[in-house]
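Data block below; observations after.
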Amino acid sequence: MSQPADTNGSPRRARATMRDVAERAGVGIKTVSRVVNGEPGVAAATAERVNRAARELHFQPDPFAGNLRRSVRRTQSIGLLLSSVDNPFCAAMHRAVEDVAESRGVSVLSASSDEDPQRERALVGTFVSRRVDGLILSATGGDQAYLRPEMDAGTPVVAVDRAPVGIDVDSVVVDNVAGARGATAHLLRRGHRRIAHLGDLSMIATATQRLDGFRQAAAEAGVPADDQLVVQDLHTVELAFDATFRLLRSDDPPTALFTSQNLVTIGAIRALRSLGMQHDVAVVGFDDFALADLLDPAVTVVAQDPVAIGRAAAERVFARLEDRSLPSTQTVLATRLVVRGSGEIAPRRRGSA
């Protein structure tokens, strides 16, 4: 019998079974079962041989294998791995995925990677061990090639918010470069020449893309680059507060801020307010956040649509579950500039550039 093909046309390997592990290790299936389930009665050398064979075959125990009443292979669940489910942007994506899944009678198992590649791999391993039908993940700065065995076994993988590294899968992203370029150009048109860029973790693809857009806009306007005004790796409100405070108290402070993530924006605004400068320094943030329109001044933002991102990712997982031969695609959603007031503050010292 021929094997089904993956999305690249090559034969897809079936998921390894206990029988496969037993054959490679040269033992019986019952011995493999004892080792996998941590039961006593297996010699240490034999257990090591079984474990080595399991690793080589990328074997994962099936927690549902004993349920003889199951009439289908699917577990009616998908795994969702985001950077941090308590971030409002991620929370909105999470809810959108849940809504799509619920309409199909499917549960969502979710977790936060905390931007840690090792944690990402461990959590994906947990999802895989639960035999989720599909995976949606926001990739960290690591290499996602470790997912190939699971993809070869037929599990659909969709990357959300960031394109993965080392694998060719469906992805749903926004045009970060264009959004950041537009935000910076908006500040430049209002006369700002000393614009600070406050960025997220530099290992994250979206942070790099937003910095690229910032620099492109400055170059197009003929504004010389000033590395003193670029601060990366601000992944918390506290770090963003400290960085903004230092910049504003420097000898030649910026007249405007481009903050490239919602938590960074919040930290920057807190620093401005602590110095009484919220009406003196312009701010455009990437990502909208709750109550941004109620502050004084209200915050101008580059808005994404996390609900649309999450919905598109979930729909793609289910489409691939129905037709695994679909070619991988990248869906790129546009951003929009929401003008509210903070990004329209004029520079107080036009000759400071």
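As the structure is a computational prediction, the values presented were derived from the model and not from experiment. If you read the sequence from its start, that first residue is 1, and numbering goes on from there.
The main-chain N or O of P306 is never found under 3.5 Å from a side-chain atom of Q304 such that the two would form a donor-acceptor pair. Judged purely by atom type and a 3.5 angstrom limit, T75 uses its side chain to pair as donor or acceptor with the backbone of R131. Not one N or O on the side chain of R121 forms a donor-acceptor pair closer than 3.5 Å with the backbone of P117. Checking side-chain atoms of T46 against main-chain N and O of V42 turns up no donor-acceptor pair under 3.5 Å. No donor-acceptor pair closer than 3.5 Å links the side chain of R181 to the backbone N or O of F214. When atom types are taken as modelled, the side chain of S112 and the backbone of D114 share no donor-acceptor pair closer than 3.5 angstrom. Judged purely by atom type and a 3.5 angstrom limit, N262 has no side-chain atom pairing as donor or acceptor with the backbone of D287. In this structure, D296 contributes its side chain and L294 its backbone to no donor-acceptor pair below 3.5 Å. Remark: side-chain polar atoms of R340 are not paired, donor with acceptor, to backbone N or O of V301 under 3.5 angstrom. A side-chain donor-acceptor contact under 3.5 Å links T244 to the backbone of A240.
L326 has its side chain out of reach of D170: every pair of non-hydrogen atoms, C-beta onward, lies at least 4.5 Å apart. The shortest side-chain heavy-atom distance between I345 and P297 falls under the 4.5 Å cut-off. Using a 4.5 Å heavy-atom cutoff, the side chains of R193 and P347 are not in contact. The shortest distance between side-chain heavy atoms of R95 and V307 does not fall below 4.5 Å. Counting heavy atoms from C-beta on, the side chains of V100 and V106 never come closer than 4.5 Å. Side-chain contact between L211 and T208: absent, with no pair of heavy atoms (C-beta onward) separated by less than 4.5 Å. Residues D133 and V317 fail the side-chain proximity criterion, which asks for heavy atoms closer than 4.5 Å. Counting heavy atoms from C-beta on, the side chains of P164 and V169 come closer than 4.5 Å.
Heavy atoms only, all atoms of each residue included: F289 and T265 are closest at CE2-CG2, 3.7 Å. Taking all atoms of both residues into account, the shortest heavy-atom contact from P327 to R316 is O-NH2, 2.8 Å. Nearest approach of T259 to A268, heavy atoms of both residues: CG2-CB, 3.8 Å. Residues L239 and H235 come closest through the heavy atom pair CD1-N, 4.1 Å. For the residue pair C90 and L82, the shortest heavy atom distance occurs at O-CD1, 3.4 Å. Listed here is the closest heavy atom pair of V283 and S342: O-OG, 2.7 Å.
Atom CG of D200 and atom CD of Q261 lie 4.5 Å apart (nearest 0.5 Å). Interatomic distance, D233 CG to L198 CG, rounded to the nearest 0.5 Å: 12.0 Å. Atom-to-atom distance recorded for I167:CD1 and Q144:CD is 6.0 Å, nearest 0.5 angstrom. A distance of 10.5 Å separates CG in L333 from CG in D161, rounded to the nearest 0.5 Å. In this structure, CZ on R162 lies 3.5 Å from OG on S138, to the nearest 0.5 angstrom. Here the CE atom belonging to M277 is positioned 9.0 Å from the CZ atom belonging to R249, to the nearest 0.5 angstrom.
A salt bridge does not link E98 with R104: every distance from a Lys NZ or Arg NE/NH1/NH2 to an Asp or Glu carboxylate oxygen is 4.0 Å or more. Taking the charged nitrogens against the carboxylate oxygens, E48 and R55 do have a contact shorter than 4.0 Å, which makes a salt bridge. Salt bridge annotation for E238-R270: absent, with no cationic side-chain nitrogen under 4.0 angstrom from a carboxylate oxygen. Using a 4.0 Å cut-off between charged side-chain N and carboxylate O, D242 and R246 make no salt bridge. Using a cutoff of 4.0 Å between basic side-chain nitrogens and carboxylate oxygens, D99 and R311 are not scored as salt-bridged.
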Could you go through S107 and Q76, starting from their C-alpha distance and side-chain angles, then the distance that decides it, and tell me whether this counts as side-chain contact (heavy atoms from CB on, under 4.5 Å)?
CA-CA 6 Å; S107 300; Q76 298 299 102; over 6 Å; no

Step by step, work out the side-chain contact (heavy atoms from CB on, under 4.5 Å) result for I136 and V97.
CA-CA 9 Å; I136 300 174; V97 170; 4.0 Å; yes

List the steps, then state whether side-chain contact (heavy atoms from CB on, under 4.5 Å) holds for L257 with V281.
CA-CA 7 Å; L257 309 175; V281 177; 4.0 Å; yes

Go through the steps for V231 and L234 under the test side-chain contact (heavy atoms from CB on, under 4.5 Å), then give the verdict.
CA-CA 8 Å; V231 186; L234 306 175; 3.9 Å; yes

Under the side chain to side chain donor-acceptor pair (under 3.5 Å) rule, what do T140 and E120 come out as? Steps first, then yes or no, please.
CA-CA 7 Å; T140 62; E120 173 193 303; 2.8 Å; yes

Would D86 and S84 satisfy side chain to side chain donor-acceptor pair (under 3.5 Å), going step by step from the backbone distance to the final call?
CA-CA 5 Å; D86 65 354; S84 179; 2.3 Å; yes

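Linking ILVMFWY side-chain heavy atoms closer than 4.5 Å, directly or via other members, places I204 and L81 in two distinct hydrophobic clusters. By the criterion of side-chain heavy atoms lying less than 4.5 angstrom apart, applied directly or through intervening Ile, Leu, Val, Met, Phe, Trp or Tyr residues, V338 is not grouped with V284; the two fall into different hydrophobic clusters. F286 and V177 are not part of a single hydrophobic cluster, where members link through side-chain heavy atoms under 4.5 Å apart. Neither L247 nor V299 shares a network with the other; the hydrophobic side chains, linked directly or stepwise wherever heavy atoms of I, L, V, M, F, W or Y lie under 4.5 Å apart, form separate groups for each. Using a 4.5 Å cut-off between side-chain heavy atoms of Ile, Leu, Val, Met, Phe, Trp and Tyr, with links allowed through other members, I266 and L295 fall into the same hydrophobic cluster.
Remark: the E344 side chain and the T300 side chain contain an N/O donor-acceptor pair separated by less than 3.5 Å. For the 3.5 Å distance criterion, the side chains of D20 and T17 qualify, holding a donor opposite an acceptor. Judged by distance alone, the side chains of S328 and D168 do bring a donor and an acceptor atom under 3.5 Å apart. Side chain to side chain, S325 and D323 meet the donor-acceptor criterion of an N or O pair below 3.5 Å. Of the N and O atoms on the side chains of E150 and T155, at least one donor lies less than 3.5 Å from an acceptor on the other residue.
Counting non-hydrogen atoms of neighbouring residues, nucleotides and ligands closer than 6.0 angstrom, the CD atom of Q228 reaches no more than 12 such neighbours.
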